[in-house]
Amino acid sequence: MERLKAGGLAGEVLAEFAGTLILILFGVGVVAQVAAAGIGDHDSIAWAWGLGVVLGVFVSARISGGHLNPAVTVALAVFRDFSWRKVAPYVLAQTAGAFVAALLVRWNYSEVLSAADPGHTIKTQGVFSTLPGNGTLPVSDLGALRDQIIGTAILLFLVAAITDARNLVPPQWASPIIVGAVVVGIGMAWGTDAGYAINPARDFGPRLASFLTGYDGAWHDQYGDLYFWVPIVGPLIGGIVGIALYRLLVGRFLPTAGPAEPGRIPVEAKA
């Protein structure tokens, strides 16, 4: 996803803030609607999160690259595709965008959340942050960590394939839609063990917002164990694993610039 330099780092940071805010408004908003009001189901959650990704990337991609996820930012820096000096500003902006969006959802759904769960307990904590087994199934914290590593590795493997200029490059307008579809697929196939956070900012920002607005148990899981670190550490590891696997299994075999081999689909030049 191309970036324009006109706004400098400040513009990139604001774009990451705005894009992540849009993502969380749709993502946390749909979970609040389903969990507190009973409107919708798991499929609507998966689709709304995917749409949130599409719209958040459309908002930010031309300025910041549309990371919206510290796992993306850190993994790109590890593989020298992104400057380390920008990592902390990007991560802070992503987390702040998620935090502000979650506060808006918490405020807007305050009456419904109070009616569904007057004590603001773990019953509706999942609106804002993830839990092992979604708070009900017998999944351990280590099982959830495993799940987050695998889920984020899938995400970054596919994002690397979609954005690799040597691969079958989609039109610029289509890339956010394809990445959003990836998130929908992960939600539908990998949402059981840990709620498919696959994004440290997506989990930590709303978790902090919920803690500051009455969810005293926000940092813990249903077993009473400190859990907030799992959707941070798991995605950061998984993102690096995903890009490493893409480069090992696919990237190093892609053709470089030159005449297309007979039978291959030519790669279009970036606009």
Asks: If you look at every heavy atom in Ala201 and Ala98, which pair is closest and at what distance?
Replies: O-CB, 3.2 Å
Asks: Nearest 0.5 Å, please: how far is CD1 in Ile63 from CD in Glu12?
Replies: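 Interatomic distance, Glu12 CD to Ile63 CD1, rounded to 0.5 Å: 9.0 Å.
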Asks: Transitively linked via ILVMFWY side-chain contacts under 4.5 Å: Phe17 with Leu92?
Replies: no
Asks: Applying side-chain contact (heavy atoms from CB on, under 4.5 Å) to Ile24 and Val100, what does each step give before you reach the verdict?
Replies: CA-CA 9 Å; Ile24 300 303; Val100 171; over 6 Å; no
Asks: Please determine whether side-chain contact (heavy atoms from CB on, under 4.5 Å) holds for the pair Leu156 and Leu245, giving the CA-CA distance in whole Å, both sets of side-chain angles, and the decisive distance to 0.1 Å.
Replies: CA-CA 9 Å; Leu156 267 293; Leu245 286 173; over 6 Å; no
Asks: By the salt bridge (charged side-chain N to carboxylate O under 4.0 Å, His left out) test, which pairs, at least two apart or in different chains, include something from residues 197-209?
Replies: Asp203-Arg207
Asks: Any side-chain heavy atom of Val233 sitting closer than 4.5 Å to one from Ile237?
Replies: yes
Asks: What pairs meet the side chain to side chain donor-acceptor pair (under 3.5 Å) rule with one or both residues in residues 215-240, with sequence neighbours excluded?
Replies: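 For residues 215-240: Thr124-Tyr215.
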Asks: Hydrophobic clustering (ILVMFWY, side-chain heavy atoms < 4.5 Å, transitive) - are Ile198 and Leu142 grouped together?
Replies: yes
Asks: Side chain of Arg166, backbone of Gly251: donor and acceptor closer than 3.5 Å?
Replies: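 Flag set: sc Arg166 to bb Gly251 pair under 3.5 Å.
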Asks: Please answer whether the main-chain N or O of Glu111 pairs with a side-chain N or O of Ser114 as donor and acceptor at a distance below 3.5 Å.
Replies: no
Asks: Below 4.5 Å, heavy atoms only, C-beta onward: do Leu76 and His67 meet side chain to side chain?
Replies: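 In short, these two side chains touch, coming nearer than 4.5 Å.
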Asks: Give me each pair satisfying side chain to side chain donor-acceptor pair (under 3.5 Å) with a member in residues 189-198, each pair once, sequence neighbours excluded.
Replies: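 Residue pairs passing side chain to side chain donor-acceptor pair (under 3.5 Å), neighbours aside: Arg146-Asp193.
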Asks: Show the numbers, then the answer: is there a side-chain contact (heavy atoms from CB on, under 4.5 Å) between Val182 and Ile162?
Replies: CA-CA 10 Å; Val182 169; Ile162 293 162; 4.0 Å; yes
Asks: Could you pull out the closest heavy-atom pair between Ala71 and Pro200, with the gap in Å?
Replies: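 Smallest heavy-atom distance, with atoms named: N-CD, 3.9 Å.
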Asks: Considering non-hydrogen atoms only, spot the tightest contact between Val13 and Pro89 and give its length.
Replies: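 Reported closest heavy-atom pair: CG2-CB, 3.7 Å.
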Asks: I'd like to know if Val230 and Leu137 are part of one continuous hydrophobic network [Ile/Leu/Val/Met/Phe/Trp/Tyr, side-chain heavy atoms within less than 4.5 Å].
Replies: no
Asks: Report yes if some heavy atom in the side chain of Leu55 is under 4.5 Å from a heavy atom in the side chain of Val59; otherwise report no.
Replies: no
Asks: Is any side-chain heavy atom of Pro70 less than 4.5 Å from a side-chain heavy atom of Asn199?
Replies: yes
Asks: Give a yes or no on this: more than 12 heavy atoms of other residues, nucleotides or ligands lie within 6.0 Å of atom CZ of Phe99.
Replies: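 Counting neighbours around CZ of Phe99, more than 12 heavy atoms of other residues, nucleotides or ligands fall under 6.0 Å, so yes.
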Asks: Quick check for you: to the nearest 0.5 Å, what is the distance between Asp141 atom CG and Leu131 atom CG?
Replies: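 Atom-to-atom, Asp141:CG and Leu131:CG are 9.5 Å apart.
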Asks: Between Ser129 and Gln125, do the side chains contain an N or O donor and an N or O acceptor separated by less than 3.5 Å?
Replies: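 Yes.
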Asks: Supply the atom-to-atom distance Arg85 CZ to Leu9 CG, rounded to the nearest 0.5 angstrom.
Replies: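 Answer for the CZ-CG pair, Arg85 versus Leu9, is 6.0 Å.
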Asks: Under the side chain to side chain donor-acceptor pair (under 3.5 Å) definition, can you give me all pairs with a residue in residues 34-60, not counting sequence neighbours?
Replies: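 As it turns out, there is no side chain to side chain donor-acceptor pair (under 3.5 Å) pair with a partner in residues 34-60 once direct neighbours are skipped.
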Asks: Got a sec, which pairs hit salt bridge (charged side-chain N to carboxylate O under 4.0 Å, His left out) with one end in residues 245-256, sequence neighbours left out?
Replies: Asp81-Arg247
Asks: With a 4.5 Å limit on heavy-atom distance, are the side chains of Val31 and Val105 in contact?
Replies: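 Result no, sub-4.5 Å side-chain heavy-atom pair not found.
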Asks: Are Val54 and Phe58 side-chain neighbours, meaning at least one heavy-atom pair lies under 4.5 Å?
Replies: yes
Asks: What I want to check is whether the side chains of Ser64 and Glu16 have a donor and an acceptor closer together than 3.5 Å.
Replies: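 Short answer, yes.
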Asks: Going hydrophobic residue to hydrophobic residue with side-chain gaps under 4.5 angstrom, can you get from Leu113 over to Ile122?
Replies: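 They do not share one cluster, since no chain of ILVMFWY contacts under 4.5 Å joins Leu113 to Ile122.
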Asks: Is Val87 reachable from Leu14 through a run of I, L, V, M, F, W or Y residues, each pair having side-chain heavy atoms under 4.5 Å apart?
Replies: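 Different clusters.
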Asks: For residues Ala218 and Phe211, report the shortest heavy-atom separation together with the two atoms involved.
Replies: CB-CB, 3.8 Å
Asks: Apply side-chain contact (heavy atoms from CB on, under 4.5 Å) to residues Ile39 and Val34 and explain how you reach the verdict.
Replies: CA-CA 5 Å; Ile39 299 172; Val34 172; over 6 Å; no
Asks: Heavy atoms, side chains only, cut-off 4.5 Å: are Tyr90 and Val74 in contact?
Replies: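 Counting from C-beta outward, Tyr90 and Val74 never come under 4.5 Å.
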Asks: Nearest heavy-atom pair of Lys123 and Asp117: which atoms, and what distance?
Replies: CB-OD2, 3.8 Å
Asks: Counting C-beta onward and ignoring hydrogens, is there a side-chain heavy-atom pair between Phe157 and Val250 closer than 4.5 Å?
Replies: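 Result yes, sub-4.5 Å side-chain heavy-atom pair found.
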Asks: Using the side chain to side chain donor-acceptor pair (under 3.5 Å) rule, collect all pairs that involve residues 233-246, keeping only residues at least two apart or in two chains.
Replies: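 Found Asp164-Tyr246, Asn167-Tyr246.
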Asks: I need the Thr152 OG1 to Leu236 CG distance, nearest 0.5 Å.
Replies: 8.5 Å
Asks: To the nearest 0.5 Å, what is the distance between CD1 on Ile232 and CG on Leu145?
Replies: 12.0 Å
Asks: To the nearest 0.5 Å, how far apart are CG in Leu103 and CG in Leu21?
Replies: 10.0 Å
Asks: Which atoms form the tightest heavy-atom contact between Gly56 and Ile22, and what is the distance?
Replies: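 Gly56 and Ile22 have their closest heavy atoms at N-CG2, 3.9 Å.
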